[in-house]
Amino acid sequence: MEPEFWQQRWQENQIGFHQSEVNTHLKEHWQILSIPAGSNVFVPLCGKSLDIIWLRDQGYSVTGVEISPLAVEAFFLENNLVAEKHTTDDFTLYQSEGINIYCGDYLKLSPRHLGSIRAVFDRASLIALPPNMRQDYVKHHVQLTDANIPVLLVTLEYPQDQMNGPPFSVSEEEVINLYAGRYEIERLVDKDALVNEPRFAERGLTALHEKVYLLS
């Protein structure tokens with residue numbers, strides 16, 4: 001998806017991908033990464049995710065990147081946070097109380113933007129991208145992070161021919177193909193999620209699995 005697609009989704013408030021609560025997999029499995037408090041955690045394509053607040057409240061500093069200024073402004077407004085704004089390279093940087101969000105194109109981020117990160121949480125990034133963009137996403141991830149930085153990755157699997165993304169179906173085989181050269185991959189969760197996602201059943205899905213991986 002090109003940046004204009006996501007800009008339009010936010011402008012039209014078509015943001016069904018946004019979760020109104022902290023992601024349950026984040027709360028249940030984050031401790032397995034053993035990341036010391038005070039460390040910097042990266043949340044790519046973050047939208048206005050409440051996961052950022054949860055991570056900050058656990059004692060981490062959080063760095064996110066998001067293409068839509070509407071999403072970033074909404075994040076700070078809805079969480080009663082005042083942000084300082086700075087222009088840096090191709091981004092507007094929003095800073096507030098242990099949270100840094102770069103508003104701009106993920107593919108233009110460099111390691112100096114992120115600083116010393118210790119972990120990555122990806123709930124809605126990989127599955128937001130069509131197949132022809134996922135390889136570039138992962139390639140840039142490799143350029144941004146050291147090999148010893150663990151990732152908690154959440155994906156969805158469903159018959160792709162039954163529904164157009166986003167979110168897109170990303171199979172376990174593809175996760176392995178994308179990341180196996182760099183990480184050990186452990187599947188932590190394989191959950192039948194269709195019963196809890198009636199909106200997807202209404203769109204024609206007959207199966208939906210939510211999977212969580214530890215990349216380390």
Side-chain angles (χ1 to χ4, degrees), residues 1-27 30 38-130 133-134 136-137 140-141 144-145 151-154 156 165-168 197 199:
M1 303 312 206
E2 297 303 321
E4 294 77 15
F5 172 86
W6 294 109
Q7 301 277 16
Q8 185 174 0
R9 290 289 290 266
W10 281 98
Q11 288 169 4
E12 297 176 355
N13 200 35
Q14 296 181 10
I15 54 171
F17 49 84
H18 174 70
Q19 293 185 339
S20 59
E21 298 179 349
V22 177
N23 184 263
T24 56
H25 301 302
L26 173 63
K27 293 192 291 185
W30 184 254
S39 300
N40 188 17
V41 177
F42 180 42
V43 182
L45 283 61
C46 61
K48 59 175 184 177
S49 173
L50 293 175
D51 301 334
I52 295 172
I53 297 295
W54 186 87
L55 286 164
R56 194 277 311 270
D57 289 348
Q58 307 311 301
Y60 302 103
S61 60
V62 185
T63 300
V65 62
E66 168 55 43
I67 193 68
S68 169
L70 289 178
V72 180
E73 295 280 357
F75 169 80
F76 288 100
L77 179 64
E78 292 172 12
N79 291 290
N80 299 311
L81 297 174
V82 177
E84 295 182 1
K85 293 195 289 186
H86 311 276
T87 300
T88 171
D89 302 327
D90 297 300
F91 298 91
T92 300
L93 173 60
Y94 292 72
Q95 294 181 300
S96 177
E97 301 180 31
I99 297 170
N100 297 317
I101 298 181
Y102 287 94
C103 186
D105 187 346
Y106 164 82
L107 293 177
K108 293 182 179 179
L109 273 181
S110 70
R112 66 184 179 79
H113 290 118
L114 299 185
S116 179
I117 64 170
R118 293 291 301 272
V120 178
F121 178 57
D122 179 345
R123 179 196 72 81
S125 302
L126 192 64
I127 60 174
L129 302 172
M133 296 184 70
R134 293 198 280 262
D136 287 342
Y137 169 83
H140 196 60
H141 166 88
L144 288 173
T145 62
V151 181
L152 191 64
L153 171 67
V154 182
L156 296 175
F168 292 94
E197 295 287 354
R199 62 195 175 102

Novice: Pairs under 3.5 angstrom only: tabulate donor-acceptor contacts from the side chains of residues 95-107 to other protein residues two or more places apart or in another chain.
Specialist:
unit_1	atom_1	unit_2	atom_2	d
Q95	OE1	H86	NE2	3.1
Q95	NE2	N100	OD1	3.3
S96	OG	V82	O	2.8
Y102	OH	H113	O	2.9
D105	OD1	L107	N	3.0
Y106	OH	Y137	O	3.1
Y106	OH	H141	N	3.2

Novice: Which heavy-atom pair separates P166 from A128 by the least distance, and what is that distance?
Specialist: CB-O, 3.9 Å
Novice: Please determine which of L45, L152, N23, L153 meets the side-chain contact (heavy atoms from CB on, under 4.5 Å) test together with R123.
Specialist: N23
Novice: Are the side chains of L26 and L55 in contact, using a 4.5 Å heavy-atom criterion?
Specialist: yes
Novice: Of all residues at least two apart in sequence or in a different chain, which pass the side-chain hydrogen bond (donor to acceptor under 3.5 Å, both in side chains) check with W54?
Specialist: none
Novice: Considering residues at least two apart in sequence or located in another chain, which fulfil the salt bridge (charged side-chain N to carboxylate O under 4.0 Å, His left out) criterion with K85?
Specialist: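 Salt bridge (charged side-chain N to carboxylate O under 4.0 Å, His left out) list for K85, sorted by chain: E73.
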Novice: List for me each residue that meets side-chain hydrogen bond (donor to acceptor under 3.5 Å, both in side chains) alongside R134, sequence neighbours excluded, and say none if there are none.
Specialist: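 For R134, the residues satisfying side-chain hydrogen bond (donor to acceptor under 3.5 Å, both in side chains) (neighbours in sequence not counted) are E174.
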Novice: Taking atom CZ of R56 and atom CG of L81, what is their separation to the nearest 0.5 Å?
Specialist: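 The distance works out to 6.0 Å.
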Novice: For a quick test of reading the model, state the closest non-hydrogen atom pair linking G47 to E66 and the distance between them.
Specialist: N-OE1, 2.7 Å
Novice: If you round to the nearest 0.5 Å, how far is CG of L93 from OG1 of T88?
Specialist: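 Rounded to the nearest 0.5 Å, the OG1-CG separation comes to 7.0 Å.
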Novice: Please list, chain by chain and in numerical order, all residues satisfying side-chain hydrogen bond (donor to acceptor under 3.5 Å, both in side chains) with K108, sequence neighbours excluded.
Specialist: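 side-chain hydrogen bond (donor to acceptor under 3.5 Å, both in side chains) check on K108 returns nothing, list empty.
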Novice: Which heavy atom of L50 sits nearest a heavy atom of V22, and at what distance?
Specialist: O-CG2, 3.8 Å
Novice: Restricting to non-hydrogen atoms, name the atom on S110 and the atom on L144 that form the minimum distance, rounded to 0.1 Å.
Specialist: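 Closest pair (atom of S110, atom of L144, distance): C-CD2, 3.5 Å.
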Novice: Looking at CG of D57 and CD1 of I52, how far apart are the two atoms once the value is rounded to the nearest 0.5 Å?
Specialist: 12.0 Å
Novice: Does anything in residues 111-122 form a salt bridge (Lys or Arg N to Asp or Glu O under 4.0 Å)? List the pairs, not counting sequence neighbours.
Specialist: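 Those involving residues 111-122 are D89-R112.
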Novice: Quick one: closest heavy-atom pair of S49 and F75, and the distance?
Specialist: O-CE1, 3.5 Å
Novice: Identify the two heavy atoms, one from I117 and one from L114, that lie closest to each other, and give their separation to 0.1 Å.
Specialist: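 Scanning both residues, the minimum pair turns out to be CG2-O, 3.6 Å.
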Novice: Nearest 0.5 Å please: distance from the NZ atom of K27 over to the CG atom of D51.
Specialist: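 The NZ atom of K27 sits 9.5 Å away from the CG atom of D51.
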